[in-house]
Amino acid sequence: MMMDSNTKPLKNSSPPSPLKFYELLGFVGILREAPKLFLRNGKLMSSIAILMICLSSVLLLMNIISIKPSITDFIFKASFLTLTDKSSPEFADLITSLKIDLRLVVGLEGIFILAFSFTSLFFATSSILASGVTYCGKNLSVKELLSRVVKLLKRPFVTWLYIMLLHLGYCLFLTAFLVPLVVLFSPKFTLSGFSIIVLIVAVLFQAYLTVVWNLALIVSVLEEKWGIEALGKAEQLIKGSKLRGLFLNILFGAFSVAVVYGLKKIGNIAFSGSQIVIPLLLLNSMSLIRMFSLMAYTVLYYECKETHGEELEMKGGDEYTKVTAVTPLLSSDEEC
């Protein structure tokens with residue numbers, strides 16, 4: 001078959017040259033592009049950030065206030081165990097009371113963990129959808145955005161459950177690998193430089209795996225896919241671009257560690273008498289870093305679409321407009 005001389009080859013038809021500078025450091029472009037999403041739609045993005053900080057702070061304060069009396073009571077009663085005769089009725093009463101306090105603490109913590117998880121997923125979905133809409137060049141009110149998030153939340157929720165199971169499986173695999181080493185070798189050898197090397201490799205490998213998992217969450221919000229299907233689509237999209245995703249994970253991970261370390265150092269000096277300020281600063285800082293990382297992954301999602309030259313459809317008004325890997329794919333529920 002002869003090709004017309006006027007026919008232009010596809011953008012990705014030629015094989016990529018090995019070790020391109022863009023393949024290694026292309027994440028710098030993503031980091032430049034992500035803040036532009038915030039600047040293009042500052043009102044919407046800042047509203048999400050403020051709502052996220054306020055709700056997370058309220059939950060944390062409720063957690064601290066509700067659980068502190070039970071923990072104080074538990075510690076106070078536990079201090080009398082060594083002073084009480086084990087054969088006396090008072091000792092049995094103390095044990096019973098301690099069990100009640102422990103169940104109350106565990107129950108309250110379980111409730112707040114679920115509340116924090118749901119809040120985190122809700123605002124992660126909001127951040128991704130707001131980034132997608134902004135990338136389309138459209139605008140939504142906060143009310144419209146939150147309404148759409150409620151409608152589509154099932155998709156990222158199912159995908160999030162699969163991601164949590166994958167995280168759990170990785171932790172179990174890592175535990176199964178490390179336990180024999182601890183048993184076979186002496187503790188001194190296990191806790192030496194060898195363990196540090198194993199830890200670094202484990203963290204880097206998890207960062208590598210998380211590239212697909214993070215992108216799957218983006219896919220489940222911006223496309224009508226969830227669970228295994230979203231993970232499969234993410235794996236297809238990220239082919240040839242995993243290095244950029246890995247660098248993003250390493251960068252945000254290192255930045256998070258630095259922020260936690262810095263806030264603890266500053267907090268111990270400036271807020272040494274407060275037990276609430278430091279946890280609030282840590283929680284809100286991590287939330288904002290997570291929000292920015294999702295914005296960066298949203299940009300990566302679009303770049304992967306462009307790399308693979310996928311034809312996308314964006315519904316506008318009563319017509320469908322076909323474009324090639326420039327406009328993000330939003331489902332019918334999140335049409336631009």
| task | Can you sort out the partners of R32 under side chain to side chain donor-acceptor pair (under 3.5 Å), two or more places apart, ordered by chain and number? | result |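 Not a single residue meets the side chain to side chain donor-acceptor pair (under 3.5 Å) criterion with R32.
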Can you list, pair by pair, the side-chain donor-acceptor contacts under 3.5 Å of residues 115-131, counting residues two or more places apart and other chains?
{"residue": "S117", "atom": "OG", "partner": "I113", "partner atom": "O", "Å": "2.8"}
{"residue": "T119", "atom": "OG1", "partner": "A115", "partner atom": "O", "Å": "2.8"}
{"residue": "T125", "atom": "OG1", "partner": "L121", "partner atom": "O", "Å": "2.8"}
{"residue": "S126", "atom": "OG", "partner": "F122", "partner atom": "O", "Å": "2.9"}
{"residue": "S127", "atom": "OG", "partner": "F123", "partner atom": "O", "Å": "2.8"}
{"residue": "S131", "atom": "OG", "partner": "S127", "partner atom": "O", "Å": "2.8"}

Rounded to the nearest 0.5 Å, how far does [atom2] of [Y] lie from [atom1] of [X]?
X    : Y    : atom1 : atom2 : value
L166 : L161 : CG    : CG    : 11.0 Å
M164 : L168 : CE    : CG    : 10.0 Å
I163 : T210 : CD1   : OG1   : 9.0 Å
I111 : N63  : CD1   : CG    : 10.0 Å
Y170 : L209 : OH    : CG    : 6.5 Å

| What residues, two or more places apart in sequence or in another chain, satisfy salt bridge (charged side-chain N to carboxylate O under 4.0 Å, His left out) together with D93? |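 With neighbours one apart ignored, the set is empty.
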| task | Tell me, please, which residues at least two apart from K36 pass salt bridge (charged side-chain N to carboxylate O under 4.0 Å, His left out). | result |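 Partners of K36 under the salt bridge (charged side-chain N to carboxylate O under 4.0 Å, His left out) test: E33.
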Between [X] and [Y], a side-chain donor and acceptor under 3.5 Å:
X    : Y    : result
N284 : S56  : no
R244 : S241 : yes
N214 : Y301 : no

With no hydrogens and no angle check, is any side-chain donor or acceptor of [X] less than 3.5 Å from a backbone partner on [Y]?
X    : Y    : value
E109 : V106 : no
S293 : R290 : yes
S79  : F76  : yes

Could you tell me which non-hydrogen atom of [X] sits nearest to which non-hydrogen atom of [Y], and how far apart they are?
X    : Y    : value
A296 : I30  : O-CG2, 3.2 Å
L98  : K77  : CD2-CB, 3.7 Å
L108 : S66  : CD1-O, 3.8 Å
V211 : L246 : CG2-N, 3.4 Å
L222 : G132 : CD2-CA, 4.2 Å
A234 : A216 : CB-N, 3.5 Å

Side-chain heavy atoms under 4.5 angstrom apart, residues restricted to Ile, Leu, Val, Met, Phe, Trp, Tyr: same cluster for [X] and [Y]?
X    : Y    : answer
L94  : L102 : yes
F255 : L31  : yes
Y162 : L153 : yes
V105 : M62  : no

| Should L59 and L283 be marked as a side-chain contact (heavy atoms from CB on, under 4.5 Å) after you check the CA-CA gap, both sets of side-chain angles, and the distance that decides it? | CA-CA 11 Å; L59 285 173; L283 175 64; over 6 Å; no
Can you tell if the side chain of [X] reaches within under 4.5 Å of the side chain of [Y], non-hydrogen atoms only?
X    : Y    : value
L152 : P156 : yes
S285 : L263 : yes
I276 : L60  : no
Y135 : T298 : no
T134 : N139 : no
T96  : K99  : no
L44  : N41  : yes
L251 : F247 : no

| request: Check whether more than 12 heavy atoms from other residues, nucleotides or ligands sit under 6.0 Å from atom CZ of F112, and answer yes or no. | output: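 Counting other residues, nucleotides and ligands, CZ of F112 exceeds 12 neighbours.
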| Taking NZ, NE, NH1 and NH2 as the nitrogens, is one of them in E144 or K138 under 4.0 Å from a carboxylate oxygen of the other? |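 Result for this pair is no, no salt bridge flagged.
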| Are R155 and E229 within salt-bridge range, i.e. N to O under 4.0 Å? |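 A salt bridge is absent here (no side-chain N lies under 4.0 Å from a carboxylate O).
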| query | Can V142 and L51 be said to form a side-chain contact (heavy atoms from CB on, under 4.5 Å), step by step? | reply | CA-CA 10 Å; V142 178; L51 285 173; 4.1 Å; yes
| task | For a side-chain contact (heavy atoms from CB on, under 4.5 Å) with C304, tell me which candidate from L237, I218, V219 qualifies. | result |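 Per the side-chain contact (heavy atoms from CB on, under 4.5 Å) rule, the option paired with C304 is L237, out of L237, I218, V219.
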| request: State which residue, out of L104, D101, I100, fulfils the side-chain contact (heavy atoms from CB on, under 4.5 Å) condition with F74. | output: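 With F74 as partner, L104, D101, I100 yield a single side-chain contact (heavy atoms from CB on, under 4.5 Å), made by D101.
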| message | For F292 and F38, I'd like to know if the aromatic rings sit close, meaning centre-to-centre distance below 6.0 Å. | response |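 No, the ring of F292 stays outside the 6.0 Å limit from the ring of F38, centre to centre.
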| request: Using the side-chain contact (heavy atoms from CB on, under 4.5 Å) rule, take L204 and I200 through it: C-alpha gap first, then chi angles, then the decisive distance, then the call. | output: CA-CA 6 Å; L204 289 176; I200 293 174; 4.0 Å; yes
| said: Show me the pairs that pass ring-ring contact (aromatic ring centres under 6.0 Å, His included) and involve residues 142-161, at least two apart or across chains. | reply: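 Applying ring-ring contact (aromatic ring centres under 6.0 Å, His included) to every pair that reaches into residues 142-161, excluding sequence neighbours, yields nothing.
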| message | Does anything in residues 213-246 form a ring-ring contact (aromatic ring centres under 6.0 Å, His included)? List the pairs, not counting sequence neighbours. | response |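 Residue pairs passing ring-ring contact (aromatic ring centres under 6.0 Å, His included), neighbours aside: H167-W213.
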| said: Walk me through whether M286 and V260 qualify under side-chain contact (heavy atoms from CB on, under 4.5 Å). | reply: CA-CA 8 Å; M286 293 301 101; V260 170; 3.8 Å; yes
| request: If the plane angle is over 60° it's perpendicular, under 30° parallel, otherwise tilted; pick one for F205 and Y208. | output: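 F205 and Y208: parallel rings.
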